[in-house]
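First comes the structure, then the notes that go with it.
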Protein chains: 4
Amino acid sequence: MDTTNGSLNRKLRMALVGGGSGSFIGRVHATAAVLDNRAALVAGALSSDPVRAKSSAAGYDIPLDRAYASYQELIESELAKPATERIDFLTIATPNHMHFPVAKAAVEAGFNVVCDKPMTFDLAQAEELQKLVEKSGVVFAVTHNYTGYPLVRLAREMVQNGELGEIQCIRSNYIQGWLRTRLEASDQKQAAWRTDPTRSGAAGCFGDIGTHAYNLGRYISGLLPKQISCHLRTFETGRALDDYGHAVIQFENGALGTVTASQVTHGRENDVTIEVDGTKGAIQWRQENPNELIVRRNGSAHQIYTRDPNAPYFLPLAKSSCRLPSGHPEAFFEAFANIYRAAFDAMILRIEGKSFETKNTIYPNVYDGVEGMYFIQQSVASSRENGAWLPLQHQAARK
Amino acid sequence: MDTTNGSLNRKLRMALVGGGSGSFIGRVHATAAVLDNRAALVAGALSSDPVRAKSSAAGYDIPLDRAYASYQELIESELAKPATERIDFLTIATPNHMHFPVAKAAVEAGFNVVCDKPMTFDLAQAEELQKLVEKSGVVFAVTHNYTGYPLVRLAREMVQNGELGEIQCIRSNYIQGWLRTRLEASDQKQAAWRTDPTRSGAAGCFGDIGTHAYNLGRYISGLLPKQISCHLRTFETGRALDDYGHAVIQFENGALGTVTASQVTHGRENDVTIEVDGTKGAIQWRQENPNELIVRRNGSAHQIYTRDPNAPYFLPLAKSSCRLPSGHPEAFFEAFANIYRAAFDAMILRIEGKSFETKNTIYPNVYDGVEGMYFIQQSVASSRENGAWLPLQHQAARK
Amino acid sequence: MDTTNGSLNRKLRMALVGGGSGSFIGRVHATAAVLDNRAALVAGALSSDPVRAKSSAAGYDIPLDRAYASYQELIESELAKPATERIDFLTIATPNHMHFPVAKAAVEAGFNVVCDKPMTFDLAQAEELQKLVEKSGVVFAVTHNYTGYPLVRLAREMVQNGELGEIQCIRSNYIQGWLRTRLEASDQKQAAWRTDPTRSGAAGCFGDIGTHAYNLGRYISGLLPKQISCHLRTFETGRALDDYGHAVIQFENGALGTVTASQVTHGRENDVTIEVDGTKGAIQWRQENPNELIVRRNGSAHQIYTRDPNAPYFLPLAKSSCRLPSGHPEAFFEAFANIYRAAFDAMILRIEGKSFETKNTIYPNVYDGVEGMYFIQQSVASSRENGAWLPLQHQAARK
Amino acid sequence: MDTTNGSLNRKLRMALVGGGSGSFIGRVHATAAVLDNRAALVAGALSSDPVRAKSSAAGYDIPLDRAYASYQELIESELAKPATERIDFLTIATPNHMHFPVAKAAVEAGFNVVCDKPMTFDLAQAEELQKLVEKSGVVFAVTHNYTGYPLVRLAREMVQNGELGEIQCIRSNYIQGWLRTRLEASDQKQAAWRTDPTRSGAAGCFGDIGTHAYNLGRYISGLLPKQISCHLRTFETGRALDDYGHAVIQFENGALGTVTASQVTHGRENDVTIEVDGTKGAIQWRQENPNELIVRRNGSAHQIYTRDPNAPYFLPLAKSSCRLPSGHPEAFFEAFANIYRAAFDAMILRIEGKSFETKNTIYPNVYDGVEGMYFIQQSVASSRENGAWLPLQHQAARK
């Protein structure tokens, strides 16, 4: 018999930290987490402002008695509940500087965590968090959500299958235009914290979206990085952080990668593109048209692989990441939900006392989060030295 | 304070009829209806096979005591519940021939209904259903889901605003390839009932997808039809219904429309396209790339309107049909959910005893359902007379 | 040794009738004919106005003594020249009503002819011309230039090879917008004669571009037509001919075709598209992106065949129609030149006294021209009878 | 009266050096130069092999008495002819290492020159050639042919007009796949010399196509370069030159540019793309779809500017670079011919003894050629120092 969450036979209980009115990503998490009817949002600490934390609850259908004034209260109160009511996991959708304290408290309390990216404010926090997760044994996912698209996963599987041969070049771009003007000057909420070094971290554009582009190449290729040379720029006068950046990455196997990120290119929306070249084939993907993967091999026609779970070229992980038949487009929410889906599988194993993979997970995990923070740190450092090559190898990196 | 369903301040309670294992569209309804956290699926009669009806319930997280063996039992039992527990609406996701009996029973019991398309088995049933709905006063939506895409709604608003001038030509195509072979011969469930006249109705391809293409043109243009000349074909030998069809439509204002539908075009997935030409501008849209609307006017560059709720060209209905900022693609589920969203607004007004629009609704309604059945009937009849012009005016039609 | 025109070892001598200042298509012919250095433009009767006929010559580098005041003078004078100087062929690029008299005179004089489309003013002229050509034995080509694109030719070869199986559906569209306003009222030269029944013929849009769309489907599929049902419209008030039209075509083998042509769709330029569905595969092509052919087969990825003469999928005729390696786009002139190239091959055989194919030629010929005129005649007649089915079989038609 | 080459009233006489059988680019030059009927190919030294030099002549319709055995013989013999017969210009289409000696001889003899790129074998030759050209006063064009596309020229005009504001970012890619295998090992002619340091120069991929990508960005933006950091790679084992490369360029105004070139990306044909970001707008162009330019500005729909000479957005140079109305695609030959067209205008002025622009020319000139060689030299040098920043300012550079 097919039941919700299989042997667990119930929905997982979710708490949301962040996501109060004006938030963008909180609502995305709340929608994605429940898309498959495998979880229910039952508690929240939706804002650092206690009044707004309460008043935002009804919009999420969170009962008032579980609409907490702070994340500390949330954790304490939920721990006090019987296991049959207590939340199973906590999602962190706050500005960056709050990721670590919330995650630390949740992990130490034994709650599974889904954390937005970048994982922490700096590398030191990230490395500490890694140790805490290893110690506590919780499931910890980081929402590098673009890895949730079925065709991105197919690309990764193709690489792992050897269909593209050895990977030699990666070109990864993330181009936006919304910060072409200094929106932060008019106090637009999204712009304000993302361009503020005290809330966003050492990097602006490269922390917000460059990390996604870098992670995407790493996820698909599995190549281990060796060195980085980076050039960050702030093109809008008066802005406190970078709004454009470019990095060259040398991988251990000799491959060459580039990452370009922009927030100042007129008219571009959320244009994540990646090209990966191997000795046997090359692929190309664009987030704004996510149901297609272009696959090319010399001597053959250009091939457009669509998100067709029944196609002969579809591989198991990509197939299990689909909800609809081909031609019925899936998009951003579903990709986001695929991160949750994989994390849920691990959470259930943990709840049932079974062992589960923690490093080579389908979902981006705490190790990927550490690597992301290292990428940001070394990007900023290299850029300060005018693009000097700096190491990018980190023990946390996985293939 | 922002609450779930506003003044109602609670989720709507949903029952699902159909959707048992092997179903495609049942799962779509269940996902779309709850996407905005405004409804919860609490009851179901998931299959005409009582055993499967029960066994499918856990997969939807429906409690066993509300997993009914038949739609009759569902309606009877739910009516017997106190108003605070009773379902608010019932979704019909069965094969076509069962739409009418279920809808009739639900409407007569006073339940709001969301019904898949085509609305009934034939026109007589549709016209009877219209009367029943008018009598009972329930909210009745038909899921011509392609009208839920924000850019389709924008197109309709542009027409209503006069931005395209008078509409003179509509070219609407719905091209698939999955029935290129006789899948029904191997008893594939989706193919089996869709190609069976006793379950699908008088038309195959034209009933299943031709109606969508026709409805889409009607929705965007608001033009009233006058006459139809139609040519249906069955290209796969041994198939009992049409698998290809083409209709020419004469509109009352003198406009000329064409509708082409195919289930036998190799490699095409779910390729709904529409072009609408007006005296002041012309638009083009494709379902497989739904976040773009191409707008053209002589003397200007080709314009790609994207699903950008903050764009100056975005109009109110399109804007309220978005969940994500531009560049973060939305797709099939969200469009489907937009039909529900509009129907929910009407249901809440009804629950609260307020008046609500029943004819010129945002969501496709019982009148559109009637018109769809008339379109099928006249298509089949015209085709039998080798494309003779037959009337297509129906009192139910709305602009 | 590779020489110009092989065994002939010299360029062919060309005369141009029409093409005076303000002409569009005359310059296209002059450019395309010499693109491969196989012909030289040496004489002309460039305008029906004798003064302009002379004054336009220098722009084509035609010596003044061969810039004739009329086509009659041209033919007479050239006939009087020694064979070593005399023109080999004559290109007709006048408005439609002059095609026949010029062609008749040229054919009777024994000159090879390249004639723009539609071939004549009406069917009677076309049938008479066919007889004259058969009697004289000249090479006669009609510039249905879209058949000259390498990927269109590849499509035809694929059909002939059986790669697409039996052809069952053809959807052919030719969409323009330039006549959305009544340009003819402001005496714009191109618009003026094309909308004038005394110079253009019985049809406007359908004669000018509908014939191209029809011919393209016939060329690729080789299917023989049986009947036509057509609907022509004039959407711009005051216009004397149709500016929009749609035809349904029944082919002898049971296939169903549609042809849609528009001159009034805002912002569309020269948008010829065709889709051909067979039992084994389906193809799609668009003139504005002519170096790609989309090929689809159920169970495979969508394939983009590019104009790559070295690709394994390229077939001989398509290959011999290329001048550049893949990725170096070819376009309108080259396709036009491919019509000339094939006609030149036949002219050389004739000059050398060898036999040459006259019916199943690579280039569109007098029989295709006859069929085009029959298509126009029957389209107009059917439209006058509100889309009545009329025969479309003509003895001239070839596979 | 409109005459060939206006006041000159005759065709220009052209000689071709290189282009013997097996050549690709020689035929391109021969076709492009005569496309507008403004020049005739009358002489040639088509191969370094005297026998092949003769035997290739007939294929170009060059009379045997002007089919010279060497470029030296060509120059000497043509100088000896009367001015009314003598060639006006000489096109160099040999492998790279022969460009300089031929160009030097031609320039010193006072012949105008059209030279393929890269202009010479190394920078020293280029700088010497610049001096020779300055001394002799001949017209000297270098076929960076991608600057000939009308929409590339429109982009340049838009920048010059200030429509894009200040340019801050350039992303220029040139991606091919044909050298994914070591074609040179099988002695394929094109591959053999391009991968041979004694014939190609210091760089392989970056010399052959990287220079084009760099030049394209420079042409459109007019930004002056300051420094370069480059990384070249040879991914095919045993190859003697780079087959992949990436450069970061710092411009004097603070803008950041990147150039990526590949010959080893499976399935990519001749994929030149460029994106230019300014403070007021951003543009995107792709050579394989050359009739479109995407123009974006925050707050507006994405705009597709097509090659429409009558569009309000078209500017004078772009307009004068068109031969066909919109929707009738132009492509590679026409762009190439536009380089010739601009050079012809200068040649005629020189022939008529008038002054003509030599530095800020429409066509790429000897100064651009020098800069291209400097780009190659500094790319190779920077790459050898692991991407060290090296100067890229050269006195020859123009805006």
Side-chain angles (χ1 to χ4, degrees), chain B residues 164-166 168-169 171 173 175-181 227 229-237 243-250 254-258 260 262 264-269 271 275-284 294-303 386-389, chain C residues 164-166 168-169 171 173 175-181 227 229-237 243-250 254-258 260 262 264-269 271 275-284 294-303 386-389:
Chain B
L164 304 185
E166 182 169 6
Q168 297 184 322
C169 318
R171 295 175 294 278
N173 285 16
I175 311 293
Q176 297 181 330
W178 70 295
L179 289 176
R180 181 68 263 184
T181 51
Q227 287 185 303
S229 165
C230 183
H231 311 278
L232 304 181
R233 293 291 181 275
T234 304
F235 283 121
E236 279 301 302
T237 311
D243 50 24
Y244 191 88
H246 177 74
V248 183
I249 293 155
Q250 180 70 43
L256 193 70
T258 50
T260 307
S262 172
V264 294
T265 303
H266 267 280
R268 298 289 275 273
E269 301 178 2
D271 210 346
E275 299 182 2
V276 177
D277 300 349
T279 52
K280 294 188 183 167
I283 59 105
Q284 188 176 21
I294 307 177
V295 179
R296 296 184 178 94
R297 292 182 188 90
N298 281 353
S300 297
H302 304 244
Q303 293 197 291
N386 198 19
W389 283 109
Chain C
L164 304 185
E166 182 169 6
Q168 297 184 323
C169 317
R171 295 176 294 278
N173 285 16
I175 310 292
Q176 296 181 329
W178 70 295
L179 289 177
R180 181 68 263 185
T181 51
Q227 286 185 304
S229 165
C230 183
H231 310 278
L232 303 180
R233 293 290 182 276
T234 302
F235 284 120
E236 279 300 304
T237 310
D243 49 25
Y244 191 89
H246 177 75
V248 184
I249 293 155
Q250 180 70 43
L256 193 70
T258 50
T260 307
S262 173
V264 294
T265 304
H266 267 280
R268 298 289 276 273
E269 301 179 1
D271 210 345
E275 299 182 2
V276 177
D277 300 349
T279 53
K280 293 188 182 168
I283 59 106
Q284 187 175 22
I294 307 177
V295 180
R296 295 184 178 95
R297 293 182 189 90
N298 280 355
S300 297
H302 304 245
Q303 293 198 290
N386 198 19
W389 283 109

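Here is the naming used below: chain letters follow the sequence lines, and residue numbers restart at 1 for every chain.
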Between C/Thr260 and chain B, which part of the residue has a heavy atom less than 4.5 Å away: side chain, backbone, both or neither?
side chain
Heavy-atom contact with chain B under 4.5 Å, split by part of C/Val276
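No part of it gets close to chain B.
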Measuring heavy-atom distances to chain C, does B/His302 have an atom under 4.5 Å in its side chain, in its backbone, in both, or in neither?
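Side chain only.
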Please flag which part of B/Phe235 lies under 4.5 Å from any non-hydrogen atom of chain C: side chain, backbone, both or neither.
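Both backbone and side chain.
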Greatest number of heavy atom pairs closer than 4.5 Å to chain B - which of [options]:
options	value
C/Glu236, C/Gln250, C/Gln303	C/Gln250
C/Gly281, C/Gly299, C/Gly177, C/Ala388	C/Gly281
C/Asn298, C/Ile294, C/Ile283	C/Asn298
C/Ser262, C/Ser300, C/Gly278	C/Gly278

For B/Asp271, what residues pass the side-chain contact (heavy atoms from CB on, under 4.5 Å) criterion, not counting sequence neighbours?
B/Ile175, B/Arg268, B/Thr273, B/Arg286, B/Glu288
NE2 on B/His231 to CD1 on C/Ile249, rounded to 0.5 Å
11.0 Å
Answer yes or no: is there a donor N or O on one side and an acceptor on the other, between the side chain of C/His266 and the main chain of B/Thr279, under 3.5 Å?
yes
Any idea which heavy atoms bring C/Trp389 and B/Asn386 closest together, and the distance?
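Nearest pair, atom of C/Trp389 first, then B/Asn386: NE1-O, 2.8 Å.
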Taking the side chain as every heavy atom from C-beta outward, state whether C/Glu269 and B/Arg296 have any pair of such atoms under 4.5 Å apart.
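With C-beta onward as the side chain, the pair stays apart.
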Heavy-atom pair count under 4.5 Å with chain C, highest-scoring of B/Glu166, B/Arg180, B/Arg297
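Most pairs with chain C among the choices: B/Arg180.
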So if I apply the side chain to side chain contact (heavy atoms under 4.5 Å, CB included) rule between B/Thr265 and each of C/Glu275, C/Arg171, C/Gln284, which one comes out positive?
C/Arg171
Mind checking what makes side-chain hydrogen bond (donor to acceptor under 3.5 Å, both in side chains) contact with C/Asp243, not counting sequence neighbours?
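Testing C/Asp243 for side-chain hydrogen bond (donor to acceptor under 3.5 Å, both in side chains), a comparison that skips the adjacent residues, returns C/Arg239.
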